[in-house]
Amino acid sequence: MISKKTNIVIVGLGYVGLPLALLVKKAGYNIIGIVRNSKKAELINKGICPFKDLELSKQLKKYRINATIDYSVIKNADIVILCIPTPVNSQYYPDLEPLISVSAQVGKYIKPKSLVILESTVNPGATESVLIPIIEMTSHLKAGIDFLVSHSPERINPGDKTWNVTNIPRVVGSLTEEGLNKTLAFYRSVLKGQIKPMKSIKAAEAVKIVENCFRDINIAFVNELAMSFANLDIDISDVLEGASTKPFAFIKHLPGCGVGGHCIPVDPYYMIDYANQKGFQHNFLSLARKINNNMPRYTVDLLIKELNKLNIHIKKTKVAVLGLAYKADIDDIRESPSLAIIKHLHEEGITYDVFDPYVLEKSTVKSLNEALKNKIAVIIATNHKQFLNLTPQILKKNGIKIVIDGRNCLDKELFIKNGIYYKGIGR
Ligand code: SAJ
């Protein structure tokens with residue numbers, strides 16, 4: 001069973017794998033992390049977090065993690081945990097290449113009686129139809145007999161100060177009773193949150209997909225309402241505040257310029273594609289994805305409508321796009337709606353500057369002041385704390401006439417009262 005002599009290997013030390021590796025180290029296990037490139041390994045071995053996360057940076061200095069690019073360390077591993085990306089490609093089809101290549105590497109070195117746990121989010125069936133056959137083929141070992149396999153979907157919420165890998169409850173599904181018990185014992189020795197056993201691996205895979213599809217369809221619902229209410233001159237923020245007074249059976253979601261990140265806009269496609277392969281069309285999930293994917297276009301169209309109203313020629317327009325990250329006060333730009341907004345501005349021949357204090361390397365200017373200079377309009381694409389301090393006076397001083405508030409984060413009445421043309425998403 002599990003003892004502190006248990007050797008753990010975690011493949012992937014990103015937003016998911018690194019917090020887990022630190023907890024495993026803190027729990028007293030022998031842990032080695034495998035990463036994609038030697039630069040990342042070097043940073044982690046020096047105690048430097050390879051991405052911006054203050055808390056992880058602090059912990060990494062205290063609990064040093066060994067990182068390597070050498071998969072052969074799996075030869076000594078009793079538990080191998082995969083925390084690897086499961087993205088979609090440009091046509092929104094699941095890209096299982098990382099899972100396939102890592103599974104082959106695991107199969108090359110896996111030792112009998114070890115336990116493999118997949119934490120990455122995948123469609124129900126992926127562990128048994130992709131990971132297991134590849135490991136069996138490359139290792140000539142039999143899953144469930146020679147080695148154990150479980151799935152426990154990660155539930156990291158970047159930037160969340162309350163819920164973190166330590167206390168977020170988890171589910172675990174396994175191929176065998178033995179695998180389930182070993183996985184439960186391991187996680188219960190490391191984590192504080194509830195660890196719920198599921199009846200199967202597929203059920204555990206489905207839990208995460210359902211959670212994130214639930215979020216995506218609810219965001220699509222309020223995005224569609226926002227576009228409808230904009231025509232009815234109803235302020236959606238006001239209505240959602242009102243609906244939230246209902247103490248049960250209503251969960252508030254917020255309309256915005258789009259849905260980004262590596263979870264919400266991605267996971268539904270894993271469900272849609274897999275169900276499609278099995279002969280079922282997820283019309284509702286697909287429609288929600290279409291609505292959310294269209295929000296950046298809708299946001300740019302709001303700007304164009306305001307410019308036309310003021311007879312400002314599009315080609316003469318310079319816009320400040322504030323925010324590149326997919327959500328407030330983090331530096332992650334994966335699937336960020338800001339990128340789609342910038343693409344649409346470019347297509348329309350509208351010139352722009354982009355500023356994100358968390359993503360300076362991809363900003364075209366290095367300060368908010370520079371971003372606002374000589375602009376006609378501002379698009380708030382990410383509600384970073386710094387942008388909430390924008391006032392009508394600051395905008396007017398720069399000659400800015402229009403604000404498109406893609407995150408409904410500014411005080412609409414204040415800007416309108418001060419002669420700024422304000423348009424939010426549904427307000
Ligand atoms: N968004 C909206 N309206 C909303 C909520 C989010 O437009 O009401 C947008 C955000 O601006 C962002 C995208 O959707 O662009 C995703 O936002 P998110 O808050 O869901 O952030 P994520 O991607 O970090 O989601 C994570 C997920 N956690 C895991 O997958 C383990 C998700 O399941 C959580 O529900 C979410 O955090 C959370 O609750 O914050």
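Whatever order the structure lists them in is the order used to number ligands and atoms, beginning at 1. For the numbers below, each heavy atom of this structure counts, side chains included, while hydrogens, waters and symmetry mates do not. For the single chain, residues carry numbers from 1 onward in sequence order.
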* Who's the nearest protein heavy-atom neighbour of atom 8 (O) of ligand 1, and how far? -> Leu254 N, 2.7 Å
* Quick one: nearest non-hydrogen protein atom to atom 37 (O) of ligand 1, plus distance? -> Asn157 OD1, 2.5 Å
* **Closest protein heavy atom to atom 29 (C) of ligand 1, given as residue, atom name and distance to 0.1 Å** => Ile156 O, 3.3 Å
* Do Asp301 and Lys305 meet the salt-bridge criterion of a basic N to acidic O distance under 4.0 Å? -> no
* Does Ile219 reach ligand 1 with a nitrogen or oxygen that is under 3.5 Å from one of the ligand's nitrogen or oxygen atoms? -> no
* **Backbone or side-chain N or O of Val259 under 3.5 Å from ligand 1 N or O** => no
* Asked: atom 21 (O) of ligand 1: which protein heavy atom is closest, and how many Å away?
  -> Lys327 NZ, 3.2 Å
* Purely on distance, is any nitrogen or oxygen of His262 under 3.5 Å from one on ligand 1? -> no
* Would the number of heavy atoms belonging to other residues, nucleotides or ligands and lying under 6.0 Å from CG of Asn37 be above 12? -> yes
* With Val116 as reference, evaluate Val106, Leu175, Ile74, Thr183 under the side chain to side chain contact (heavy atoms under 4.5 Å, CB included) test and give the passing residue. => Val106
* Could you walk me through whether Thr382 and Leu324 pass side chain to side chain contact (heavy atoms under 4.5 Å, CB included), step by step? => CA-CA 7 Å; Thr382 316; Leu324 274 168; 5.7 Å; no
* To do: Mark yes or no: Arg289 above the aromatic ring of Tyr92, with NZ or CZ under 6.0 Å from the six-membered ring centre and no more than 45 degrees from the axis.
  => no
* To do: Going by heavy-atom distance to atom 9 (C) of ligand 1, choose the closest among Cys213, Gly258, Gly256.
  => Gly258
* Can you name the closest pair of heavy atoms from Ala220 and Ile291 and give their distance? -> O-CG2, 3.8 Å
* Asked: How does Glu211 reach ligand 1, by side chain, by backbone, by both or by neither, if only non-hydrogen atoms under 4.0 Å count?
  -> neither
* N/O separation below 3.5 Å, Tyr326 to ligand 1 -> yes
* Structure fact -> Closest heavy-atom pair, Phe387 versus Leu410, reported as atoms and distance to 0.1 Å, is O-CD2, 3.7 Å
* Identify, for atom 33 (O) of ligand 1, the protein heavy atom at the shortest distance, and state residue, atom and that distance. => Asn212 OD1, 2.6 Å
* If you measure from the Lys or Arg side-chain nitrogens to the Asp or Glu carboxylate oxygens, is any gap between Lys375 and Asp353 under 4.0 Å? -> yes
* Arg407 near ligand 1 by a heavy-atom separation under 4.0 Å -> yes
* Closest approach of any protein heavy atom to atom 16 (C) of ligand 1, naming residue and atom -> Gly260 O, 3.3 Å
* Structure fact -> Distance col, row Met227:CE vs Leu302:CG, nearest 0.5 angstrom, shows 10.0 Å
* **Heavy-atom nearest option to atom 20 (O) of ligand 1, drawn from Arg215, Glu154, Lys252, Arg155** => Arg215
* Salt bridge flag under 4.0 Å for residues Glu55 and Lys58 -> yes
* So, is Cys263 polar-close to ligand 1, with some N/O to N/O distance under 3.5 Å? -> no
